[in-house]
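A short write-up of the structure that comes next.
Chain identifiers are assigned alphabetically (A, B, ...) following the order of the sequence lines, protein sequences preceding nucleic acid strands; residue numbering begins at 1 within each chain. Side chains included, hydrogens not; waters and symmetry mates left out as well; all remaining heavy atoms used. What you see is a predicted model, and the numbers here were worked out from it, not measured in a lab.
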Amino acid sequence: MDDKFLKPYDPQATEPRIFQEWEESGYFNPDRMLEDGLTKPGAKAYSIVLPPPNVTGRLHMGHALMLAVEDVFVRTKRMQGYRTLWIPGTDHAAIATQSVVEKEISKKEGKSRHDLGREELLARIGAFANESHDTIVSQLKVMGASLDWSREAFTLDETRTRAVHTVFKQMYDAGLIYRGNRIVNWDPKGQTTISDDEIVHEERKAKLYTFKYSKDFPISISTTRPETKVGDVAVAVHPDDTRYKEFVGKTFEAVFCEVPISIRVVADKEVDPAFGTGALGVTPAHSQIDWDIADRHDLPRTQVINEYAKMMVEGRLNGKKTSEARDMVVEWLREEGLLEKEEDISQNISLAERTSGVIEPLPKLQWFIDVNKEIPERGKSLKELMLEPVRDGRITILPEHFDKTYFHWIENLRDWCISRQIWYGHRIPVWYRGDEIVVGEVPDGDGWSQDEDTLDTWFSSGLWTFSTLGWPEQTEDFKTYHPTALLETGYDIIFFWVARMILMTGFALNDIPFKTVYLHGLVRDAQGRKMSKSLGNNLDPLEIADKFGADAARMALIVGNTPGTDTRISEDKIKGYKNFANKLWNITRYILTETEGADLSHPLTDSDQAIRAELDALITDVTTDIDEHRIYLAAEKIYHFAWHRLADELIEESKGIFIGNDESAKASRKVLLLSLLSDLLKILHPFMPFVTEEIWKSVRSGDTLLMVEKWPSSAV
RNA sequence: GCGCGGUUAGCUCAGUUGGUAGAGCGCCACAUUGACGUUGUGGAUGUCGCAGGUUCGAAUCCUGCACCGCGCACCA
């Protein structure tokens, strides 16, 4: 027996060494597996793309969970003989990364992006991204992830950029990408547009003011934003509202807080006669609903608020912040005796997810993806393209009830605004020269200028399953590994990412990006709170791995954690699995000590055969569980068998046998124990790869890695 | 407002097609120079949120209700 077993298992000393052996073997790369005959030439492919972490800093426990889950599937499939590929990569995460770097520069140097200029800012962000990338890569390795680093990708690298340009051009040519002047979600803090999905709502107290534009104006209106009323062009009432019928079609002139306005009364079905006064002040330039009303009634659209959330009007309001202007307008209404009512209400305000800036709806010329337009020669829209594969079962979402959430989102989906006024990201591949426009590739000749904006970061993320495989080249990888088998990610990005991948793949390849979507939940602390910087309750995967071992962290994250459900994690739980690693260590120590020189050809007694059959049944069970994505059960079952069957019962029973004088029973028991241990290590390996690999060195017959051993198949 | 999920032991959660309630942690008692610093054995605690229904049989299926959480939309 190896002397190492005389001391307790030491994950800190073991894990980095084991990882190095795996890397040196080259077997994370499926090509090496083929070359060395560990995967058969005709083997079926199994592929996963790693959801690329943002290059904004460090990994957290949510990433650790993602890695643990994906590695379980990947390692299992690899052992089962599949041609298995797990592709790593990172995401440039446009707005997120740029705002982190901008904040830092502003804090340290007091400079804005405009002080630095585009080129210098991009250089700074690039340096930050590189550093962040290296941290992330080392963290991924610490967790034991068996990713094929030879295929690493970055959303902003050359190959991925080519994919982005290709898809952009195809969509433009199909008429799905268009440039239009529409109301967008403007983030005054981040100085950029954002998509509907990048908005978060927060409930705040507000005042609802009821007033008239002027003394002569016949109708009262209500609003929480009186300062926008200088941009009003109409009052809309319900067509059947008898109170206001006589005014419909008439136009009234007024001077509202020094700003001359002209208000037409229009009848529109969208107006709820029961709300407030039943009359709606229409501000087309600063409200989506009002913009649509203006469309229907052919009303002008006067912009009164600029990109800095400041007023742009005649008179003393000009240049004031909207909050200031609001107070001034209310004051003016009071003085003029126009204010009729002031009520406290609570309302949801829209904030930009990344910057917490209050969203200001503004009309702007931006690039959009039309989700409703019929795709030429396909007879369906992008929306339908997103719905179909989930509806007809080509894609399964786990847990299944999330498909309702998915469908609901698509039904409410509006055109996707894809242009951003930030610098870090894929510059929109469109060039202008006078009235000329070129899309997709740099045009020849002088005088061309490229669009200043960049693409929404999720545009490139949407291509991830095939851009990572080298598309648009028809590479061997692309042909072999696409569509991927599984997408494992958090349920919080089902819209951002999962839906966009289905959209992009449906459009560009007329195919699905993956067959199964496994949505994991949030990792919370022991009290059930979200982990956050401000609470200081973050667990750092690196510290956890250092203290308890990555194996322990992986098990703690997997056992009992069903898809779609949030999980609580505490050091106590992780510690329990550190103990389990040590338990395995001691089980091995006992078995190796007692079986030295055992005759492996000795037949099993009937009772030992029955015990062996128990493990076979467990293997069948666990294999099915993993196939059906119930890894939380599989892990628990293996744990239970190892500790409470093998250690507590079988080893205890063996002590009696080895003291006795039934030589045949002794010999049989030795063979049994070794066989149980060996197969147990195999099925536990995907969950706790390090300790099982380390033990394997002392159990194996040749010089093989457990990582590439054949999955026990007595099961089938 | 629309939709989704949860409610099972003190705590955290499993329970895959309906067949006499499970795990981990915690708690209590006992044992222990033991393969085990990280051990074992035994034990207590549940009207499976509430009310109905289907069924020979319901934690599981159906209906309604309550509370908690989440998503989407949002009324100006």
Checklist outcome for this item: All stems that RNA chain B takes part in, i.e. 3 or more consecutive Watson-Crick or G-U pairs with distances under 3.5 Å, are B:1-7 with B:66-72, B:10-13 with B:22-25, B:27-31 with B:39-43, B:49-53 with B:61-65
Item to check | Aromatic contact, His238(A) with Tyr244(A) (centres under 6.0 Å) | outcome: no
Next on the checklist: Please tell me whether Phe580(A) and Tyr639(A) form a close aromatic pair, meaning their ring centres lie under 6.0 Å apart.
Outcome noted: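 Yes - the distance between ring centres of Phe580(A) and Tyr639(A) falls below the 6.0 Å cut-off.
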Does the side chain of [X] get closer than 4.0 angstrom to OP1 or OP2 of [N] through an N or O atom?
| X | N | value |
| --- | --- | --- |
| Lys575(A) | U38(B) | no |
| Lys583(A) | G40(B) | yes |
| His408(A) | C4(B) | no |
| Gln347(A) | A76(B) | yes |
| Tyr577(A) | G24(B) | no |
| Trp409(A) | A73(B) | no |

Next on the checklist: Closer than 4.0 angstrom, basic N to acidic O: yes or no for Lys207(A) and Asp344(A)?
Outcome noted: yes
Checklist entry - When you check the gap from the basic side-chain N to the acidic O, do Asp415(A) and Arg182(A) get nearer than 4.0 Å? => result yes
Which part of the nucleic acid does [X] contact within heavy-atom distance under 4.0 Å: base, sugar-phosphate only, or nothing?
| X | answer |
| --- | --- |
| Phe495(A) | sugar-phosphate |
| Asp572(A) | nothing |
| His644(A) | sugar-phosphate |
| Lys404(A) | sugar-phosphate |
| Lys7(A) | nothing |
| Val282(A) | nothing |
| Lys573(A) | nothing |
| Thr283(A) | nothing |
| Ile591(A) | nothing |
| Ala647(A) | base |
| Ser287(A) | nothing |
| Glu652(A) | base |
| Gly576(A) | nothing |
| Thr562(A) | sugar-phosphate |

[X] [atom1] to [N] [atom2], straight-line distance once rounded to whole Å:
| X | N | atom1 | atom2 | answer |
| --- | --- | --- | --- | --- |
| Gln12(A) | U38(B) | CD | C1' | 13 Å |
| Leu677(A) | A35(B) | CG | P | 17 Å |
| Glu203(A) | C70(B) | CD | P | 12 Å |
| Leu618(A) | U16(B) | CG | P | 18 Å |
| Arg414(A) | C72(B) | CZ | C1' | 12 Å |
| Asp272(A) | G1(B) | CG | P | 14 Å |

Item to check | Residue that, paired with Arg301(A), satisfies salt bridge (charged side-chain N to carboxylate O under 4.0 Å, His left out) out of Asp232(A), Asp290(A), Asp295(A), Asp292(A) | outcome: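 When Asp232(A), Asp290(A), Asp295(A), Asp292(A) are each tested with Arg301(A), the salt bridge (charged side-chain N to carboxylate O under 4.0 Å, His left out) holds only for Asp295(A).
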Checklist entry - Which word best sums up how the rings of Phe73(A) and Tyr518(A) line up, parallel for under 30°, tilted for 30 to 60°, or perpendicular for over 60°? => result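 Plane angle over 60°, so perpendicular.
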Of the listed nucleotides ([options]), which one gets closest to any side-chain atom of [X]?
| X | options | value |
| --- | --- | --- |
| Ile289(A) | A14(B), C75(B), A76(B) | C75(B) |
| Asn412(A) | U39(B), C72(B), U38(B) | C72(B) |
| Phe275(A) | A76(B), A14(B), A35(B) | A76(B) |
| Trp643(A) | U16(B), G24(B), G40(B) | G40(B) |
| Asp648(A) | G15(B), C36(B), G40(B) | G40(B) |
| Asn586(A) | A35(B), A76(B), G71(B) | A35(B) |
| His640(A) | C36(B), A76(B), A23(B) | A23(B) |
| Asn579(A) | C75(B), U38(B), A23(B) | U38(B) |
| Asp625(A) | C36(B), U16(B), A76(B) | U16(B) |
| Lys578(A) | A35(B), A23(B), U38(B) | U38(B) |

Next on the checklist: We want to know whether Glu340(A) and Ser220(A) form a side-chain donor-acceptor pair, criterion being a heavy-atom distance below 3.5 angstrom.
Outcome noted: yes
Item to check | Any side-chain donor near an acceptor of the partner, Trp409(A) and Asp197(A), under 3.5 Å | outcome: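 Short answer, yes.
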Checklist entry - With distance as the sole test, does Lys383(A) use its side chain to make a donor-acceptor pair with the main-chain N or O of Leu413(A) at under 3.5 Å? => result yes
Next on the checklist: Is the terminal nitrogen or CZ of Arg669(A) (NZ for Lys, CZ for Arg) located under 6.0 angstrom from the six-membered ring centre of Phe658(A) and within 45° of that ring's axis?
Outcome noted: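 Negative - Arg669(A) is either too far from the ring of Phe658(A) or too far off its axis.
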Next on the checklist: Is there, by distance only and without an angle test, a donor paired with an acceptor across the side chain of Arg568(A) and the base of U12(B) below 3.5 Å?
Outcome noted: no
